[in-house]
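Here is how names work: the chains are called A, B, and so on, in the same order as the sequence lines, proteins then strands, and each is numbered from 1. Side chains are part of it too, since the values below use all heavy atoms of this structure and drop only hydrogens, waters and symmetry mates.
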Protein chains: 2
Amino acid sequence: MTTIKDVALRAGVAPSTVSYVLSGSRKISEETRQAVQTAIDELGYHPRASARSLRSTRTNVIALALPRVPGGYHRSVDGRFAIEICDAARRHDYDVLLMTDQHGVPGLRRIAGSGLADAAILMAVELEDPRVEAMREIGFPTALLGSPSGEVGLPWTDLDWEAAAALAVHEAAVAGHRRIAYLATTEHEILARRGYAVLGVAGARRAGDETGAQVTIHDSTSDMVRLDGRLRSLLTAPDAPTALVVQHVSALPHILAACTAAGRRIPEDLWVFAVGNLPDDMGGRELPRIELPISELADEVTRLAVQAIADHATQHTAREPAGHRRLSPVLLPPRAVS
Amino acid sequence: MTTIKDVALRAGVAPSTVSYVLSGSRKISEETRQAVQTAIDELGYHPRASARSLRSTRTNVIALALPRVPGGYHRSVDGRFAIEICDAARRHDYDVLLMTDQHGVPGLRRIAGSGLADAAILMAVELEDPRVEAMREIGFPTALLGSPSGEVGLPWTDLDWEAAAALAVHEAAVAGHRRIAYLATTEHEILARRGYAVLGVAGARRAGDETGAQVTIHDSTSDMVRLDGRLRSLLTAPDAPTALVVQHVSALPHILAACTAAGRRIPEDLWVFAVGNLPDDMGGRELPRIELPISELADEVTRLAVQAIADHATQHTAREPAGHRRLSPVLLPPRAVS
DNA sequence: TCGATTCGACGAAGCGATTCGACGAATCGA
DNA sequence: TCGATTCGTCGAATCGCTTCGTCGAATCGA
């Protein structure tokens with residue numbers, strides 16, 4: 001196990017000099033810098049993370065709270081987010097500590113208390129999310145992925161779902177449709193007050209008013225038999241819609257099949273637009289849509305977390321209370337893809 | 001920031017006594033144990049992880065190397081594994097540090113060198129995987145998820161894919177079928193020598209010999225148009241199979257649709273069996289299948305990692321070279337579900 | 001040429017835990 | 001009653017690094 005002393009010995013300098021070479025926080029002559037660097041490379045030296053963070057009270061680790069959906073059901077998008085956040089964090093020289101919601105607030109408290117991480121990122125934040133208030137109370141730097149309701153005092157980012165749904169409906173109107181059906185997310189998600197679910201419906205409603213088109217809003221369901229039923233009655237009604245905007249994207253293969261079964265060719269007879277990412281097995285079929293900007297969101301939430309760490313650090317140094325950096329949410333604008 | 005000194009002060013004991021209460025490594029009178037515990041609870045004390053691991057050279061962290069599939073494509077099962085491993089690790093009192101393959105072997109070397117983790121778990125290990133030899137050379141405790149080829153000197157676990165494919169074919173034979181088609185994973189995966197892909201084909205072939213049935217093996221493809229073509233020619237051939245065993249499960253919705261389009265009712269006209277987990281959007285439809293035992297595998301690979309840490313620790317204490325604990329792979333047996 | 005300034009490197013203190021040896025007090029056997 | 005154990009607790013050293021104050025040597029201005 002090579003230590004900073006070994007490096008210093010081999011380079012013929014003091015340990016502190018090695019440290020300064022590593023951190024760059026003091027001026028070092030090019031000559032000794034070279035000597036130290038050579039010793040480091042030859043020994044394959046890596047500073048011990050525990051010693052470093054014991055002394056500096058920074059771990060360069062961000063904790064990521066992954067949602068653990070009850071019932072073993074799992075949204076594949078969460079894994080993508082985790083990966084992208086991990087890479088984004090590395091770009092800021094941070095590592096990522098994974099934790100599932102299994103352990104909830106006590107788990108977060110444990111991480112914060114034991115100094116395992118410098119900040120937390122909470123994924124899949126809901127409108128009313130108990131974790132948010134908990135983190136603010138703990139006073140641990142935290143960034144949120146998802147839309148909380150109201151002024152929460154923590155930085156957050158999300159796709160602007162209200163604008164996304166509205167944009168989707170507007171696209172339908174622009175394409176010339178006057179009878180538009182908006183198939184929202186599942187009832188379950190709407191009842192659970194997930195931000196994307198509630199905001200999506202609101203956006204669709206607003207766009208309905210704005211366009212003057214006849215926009216009907218329908219909750220979806222994860223029960224495919226009932227979903228089929230709803231689609232059938234929707235499509236066989238006398239004033240059936242000519243455009244369908246689908247926010248419940250994971251059911252798209254099923255929905256398209258049902259529409260086809262009802263005698264609609266897509267997009268000739270029924271124009272379909274997706275609000276969200278297409279599932280993996282669309283079989284090469286494309287749809288006009290608004291994609292979830294996963295890597296942008298990951299970048300942004302990581303940036304917010306790193307920012308929160310910096311703010312937290314300066315808050316203790318600064319004279320005035322400060323801390324009133326603007327915490328305006330970072331809502332990413334939707335972009336349509338076709 | 002409360003430290004062990006604060007706790008000691010409040011409980012009226014020495015810091016070392018507090019430490020012994022926490023670790024239980026020395027006898028403490030019930031009376032003082034109580035006093036210390038009370039002080040801990042009242043102060044909400046958490047030992048500082050960095051100080052602890054600086055002294056003890058154990059971090060209680062396991063690094064998890066998540067595969068980052070090129071092209072942004074993403075297997076949702078990986079996220080499930082990450083979650084399950086995270087929970088399993090917590091049960092052993094370990095946290096999980098996430099790293100993507102983005103940073104590959106150098107990334108692993110960094111984690112090992114800087115003492116950020118006590119062990120690594122490598123996910124999605126392939127038959128010939130450069131990471132395996134690297135980890136053995138580094139001498140870092142490591143457990144593998146996936147089947148490497150040959151004797152690798154590192155503990156690993158996986159579903160017994162060869163047995164799984166064979167079992168699937170046997171099930172078809174038992175159900176009375178004499179013409180069985182085995183739709184393997186994609187050509188791409190087979191060429192990349194992924195364990196599950198190669199072993200699956202081998203198992204199907206073996207079962208073909210054993211049952212005496214006519215088993216034809218077909219590579220799949222992620223190009224759904226070409227896949228449709230292959231299925232059509234398969235089903236319209238004069239001696240079309242009456243049973244279809246599918247290992248390329250993510251394409252199942254598409255495959256079923258193609259079979260239906262070819263005039264087959266399932267399972268009356270065509271008996272279909274899946275080797276692997278059904279995708280999310282099967283629309284409530286069930287199939288007989290062999291499920292990937294995700295949580296069992298997660299438990300097992302975590303156990304192996306914890307074991308590897310223990311072995312590594314005793315190796316330095318033990319007199320004789322030892323270290324020759326049996327590293328027999330833990331192959332989980334397939335189980336059919338219907 | 002000499003005191004003042006700058007530059008670059010050094011030494012030592014300390015972060016917060018663990019752990020080993022030591023040490024009174026209580027208990028024991030003869 | 002007295003030396004030998006046992007029991008429960010304490011004190012001090014230590015892990016590897018960062019950081020602040022210090023201190024020669026080199027540079028500079030007059």
Using OP1 and OP2 only, check whether a side-chain N or O of R55(A) sits under 4.0 Å from dG16(D).
no
Using a 4.0 Å heavy-atom cut-off across all strands, classify S29(B) as base, sugar-phosphate, or nothing.
sugar-phosphate
Per nearest nucleotide of DNA chain D, the residue lying toward the 5' end, M1(A) or K27(B), is K27(B)
Mapping G12(B) and S23(A) onto DNA chain D by nearest heavy atom, which one lands closer to the 5' end?
G12(B)
Give one of base, sugar-phosphate or nothing for V18(A), where a contact means two heavy atoms less than 4.0 Å apart.
nothing
Less than 3.5 Å between a donor and an acceptor, one on the side chain of R26(A) and one on the base of dG21(D), is that the case here?
yes
What contact category does T32(A) fall into here, base, sugar-phosphate, or nothing, at under 4.0 angstrom with non-hydrogen atoms?
sugar-phosphate
Reference residue L145(A); test side chain to side chain contact (heavy atoms under 4.5 Å, CB included); the match among L297(A), L304(A), V125(A):
L297(A)
Using a cut-off of 4.0 Å on non-hydrogen atoms, how would the nucleic acid contact of S19(B) be classed: base, sugar-phosphate, or nothing?
base
Could you check whether L54(B) gets within reach of a base, just the sugar-phosphate, or nothing at all, counting any heavy atom under 4.0 Å?
base
Which part of the nucleic acid, if any, lies within reach of S16(A) when heavy atoms closer than 4.0 Å are counted: base, sugar-phosphate only, or nothing?
base
Side-chain-base donor-acceptor pair under 3.5 Å for Y20(B) and dC20(C)
yes
